Amino acid sequence: MSAAPPDPVLPGLCAAPDLLAHRPGLRVDARAVKESLAFAFASGAPAGAFDRHIESASLPASSWDPSRFAQHVFLPELIAGCMRFTIDGRIHTPSPALLGRALSQPPSDRDTVELRRDIFRELVGSEALRRDLARAYAAIRGWMDQLETVSISRREGSRRRLDILVAAKGAFDALAGGFAGARSGLSRLSAFGAAVRGSEAYRRLADLLAYDEELATLDLRIRVGSDGHVRDLRALSIRENDGNRFYRSPLGRVVTRLVMLWRGYRFSEDELLARHVNGVLEGLEDELVALVQLLGDLEFYLAGLALRDRARAAGLSVCLPDLVWPRGPELVWPSGPELARPSGPRDGRPGRELRALFNPLLLASPAAIVPCDITADRHDATVIVTGPNSGGKTRLLEALTLAQMLGQAGFFVPAAEARLSPCHGLFVSLIEQAQADQSEGRLGTELMRIRALFEAMQVGDMVVLDELCSGTNPSEGEEIFQLVISLLAELRPQAFITTHFLELAARLERDRPVERLAFLQVELDAQQWPTYQFVPGVARSSLAQRTAARLGVTREELVALVERSKRAHRRRAVDPD
């Protein structure tokens, strides 16, 4: 379980602009970030230095353990392939570390989930708010890029530090000047920006940058000859910016330098300016730490919008699902019919419903995507899925897993409409390739997989198993399969299990030895080809011969290959060279 957020208030300022937790908190290590800021401001930082602080930020508490499913959901591939976004022609890839943790560790706190969903709703409903979000991200990223540049001379270093402050001011201004009318958590951004702009530290920053930009204004008269060359240049008037707090009169500047020289110190104008620059930075340290955290928060929402855009470009839809929450503190269905109010417009039984569900991992491939509809009377059911190889069963399991994980994290799910129930945890086990250092055979590996399931599982968890007991002979496999099904029923899971034990599945459908069993099969067309849809029932055949024919493993084709090898052998015997 992840740790709860630290102190929710920035020292001496206001609530942190936290977009990932209902109770705003500073989730990055403030001390470590300040050390990096000081180092980067003085001499620059290596690329990615601040991304590491973002990636290690804490998140709201979660009951999910990614070690039980992470290797099977391919989150890094999903993020890299489908969640990149473009701002002002520049492609950005979200941090797979922070975004991956935010998605694979859904908050236990319902209010936090609703905060995220409300933000997404506002962004989808307002192009202006979406532009403000992109503008704020670009401004903060630009500031961070300035920090991660290295100066090569003292004078260039002074200019670089001023440029960093210019970029920081631009980030604060983007937050304060955007998100007008926001009613969701996005309003935290404008509130934070306004609070910063109202602070004395910000006013010092603005005055310093104005002083750097305009020490004085000169009115000039230029006389040009017939050949186009300047003949004379005169200053008609000089108006110094004496209203700025950093202004010193010419006499004052001379006196200051003479006093310093008399005391044995030698300061250039750049060094005197650097002293003011460092003072301004120190006054804004807490606010700048908040900007570092905010960059990762903004990526969460920009990644979600990018996934939505990618799906729409493929002719598909994503949605924010209706979430039907169990009553009470635990994410487990009660024994009675009482339900918590859904976080969506529809009421009714706690059934699972996914319309036009698709596997988002396929968005990054050229393969055609065929969405399907999945419905179940209850969430706490064990659904057994049968059908031929290459019929879409494993892809369905991946899609169901990702839909549950993304939806429970407050993210878009890959379906046009969805109704889900949050669960306490997730266990996923798809068929794995044999490993060189594998200590057990196929049966042993399968039994270890089952043992790991029951060691990790709690009442009400979601369980996804591909080809349960496929690693042993049918008689033993069916016995173990029935044992697993019967014991799973006592834990009332949200379970999806694929199998090729068709006779066993048919008996289970007929006899109903345990409660809350449901059955789905791959739909076939008139020519017995999979349609990649799923309908109630148990498949009658795995269509092994059809698959073998498609892959060229018929008797005729194999005999032809054998004859080809024999002819080649005879030719080599006659003519060894």
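Note that this is a predicted model, so its numbers are computed, not measured.
- In this structure a side-chain-to-backbone donor-acceptor pair under 3.5 Å is present from Gln408 to Cys423.
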* **Derivation and outcome, salt bridge (Lys or Arg N to Asp or Glu O under 4.0 Å), residues Glu122 and Arg117** => CA-CA 9 Å; Glu122 273 207 323; Arg117 290 157 56 84; over 6 Å; no

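- Looking at heavy atoms from C-beta onward, Leu115 lies out of side-chain contact with Leu19 at the 4.5 angstrom threshold.
- For the side-chain hydrogen bond (donor to acceptor under 3.5 Å, both in side chains) condition, the pairs that include at least one residue of residues 502-515, sequence neighbours left out, are Glu478-Arg507.
- Shortest non-hydrogen contact noted between Val522 and Pro388 is CB-CD, 3.9 Å.
- The closest donor-acceptor contact from the side chain of Asp132 to the backbone of Phe179 lies under 3.5 Å.
- Side-chain N or O atoms of Arg516 include none that pairs as donor or acceptor with a backbone N or O of Ala381 at under 3.5 Å.
- Here the closest non-hydrogen pair linking Gln533 and Asp373 is OE1-N, 4.0 Å.
- Partners of Arg130 under the side-chain hydrogen bond (donor to acceptor under 3.5 Å, both in side chains) rule, at least two apart in sequence or in another chain, are Asp309.
- Listed here is the closest heavy atom pair of Leu357 and Ala403: CD1-CB, 4.2 Å.
- Scanning all heavy atoms of the two residues, the minimum distance from Leu307 to Leu363 falls at CD1-CD1, 3.9 Å.
- The ring pair (Phe, Tyr, Trp, His ring centres under 6.0 Å) test applied to His92 returns Phe85, Tyr137, not counting sequence neighbours.
- With no hydrogens or angles considered, no side-chain donor-acceptor pair links Thr386 and Gln521 at under 3.5 Å.
- Of all heavy-atom pairs spanning Arg308 and Val124, the tightest one is NH2-CG1, 3.4 Å.
- For Tyr301, the ring pair (Phe, Tyr, Trp, His ring centres under 6.0 Å) test picks out Phe120, with sequence neighbours left out.
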* To do: Just do the salt bridge (Lys or Arg N to Asp or Glu O under 4.0 Å) check on Arg90 and Asp145 with the steps written out, would you?
  => CA-CA 13 Å; Arg90 179 180 175 184; Asp145 290 343; 2.8 Å; yes

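- Here the closest non-hydrogen pair linking Leu524 and Thr531 is C-CG2, 4.0 Å.
- Remark: the backbone N or O of Arg395 is paired with a side-chain donor or acceptor of Asn359 at under 3.5 angstrom.
- Between the Lys393 side chain and the Val385 main chain, no donor and acceptor come within less than 3.5 Å of each other.
- In this structure a side-chain-to-backbone donor-acceptor pair under 3.5 Å is present from Ser421 to Val324.
- Looking only at distances, no side-chain donor or acceptor of Thr86 sits under 3.5 Å from a matching main-chain atom of Gly89.
- Checked by atom type, the side-chain pair His72/Asp466 shows no donor-acceptor distance below 3.5 Å.
- The side-chain heavy atoms of Pro66 and Gln105, taken from C-beta on, include a pair separated by under 4.5 Å.
- Among residues two or more places apart in sequence or in another chain, the ring pair (Phe, Tyr, Trp, His ring centres under 6.0 Å) test is passed with Phe534 by none.
- Cation-pi check for Arg116 over Phe411 is not met; the charged atom does not lie both under 6.0 angstrom from the ring centroid and within 45 degrees of its normal.
- Judged by distance alone, with hydrogens and angles left aside, the side-chain atoms of Ser187 form no donor-acceptor pair with the main-chain N or O of Arg183 at under 3.5 Å.
- Between Arg378 and Gln494, the side chains place no donor N or O within less than 3.5 Å of an acceptor N or O (distance only, hydrogens not considered).
- With sequence neighbours excluded, the residues forming a salt bridge (charged side-chain N to carboxylate O under 4.0 Å, His left out) with Asp65 are Arg68, listed by chain and number.
- Listed for the Ser126 side chain is no donor-acceptor partner under 3.5 Å among the backbone atoms of Leu123.
- Using modelled atom types and a 3.5 Å distance limit, the side chains of Thr375 and Glu353 yield no donor-acceptor pair.
- Counting only heavy atoms from C-beta outward, the side chains of Asp109 and Pro60 never approach each other to under 4.5 Å.
- Looking only at distances, a side-chain donor or acceptor of Gln293 sits under 3.5 Å from a matching main-chain atom of Gly25.
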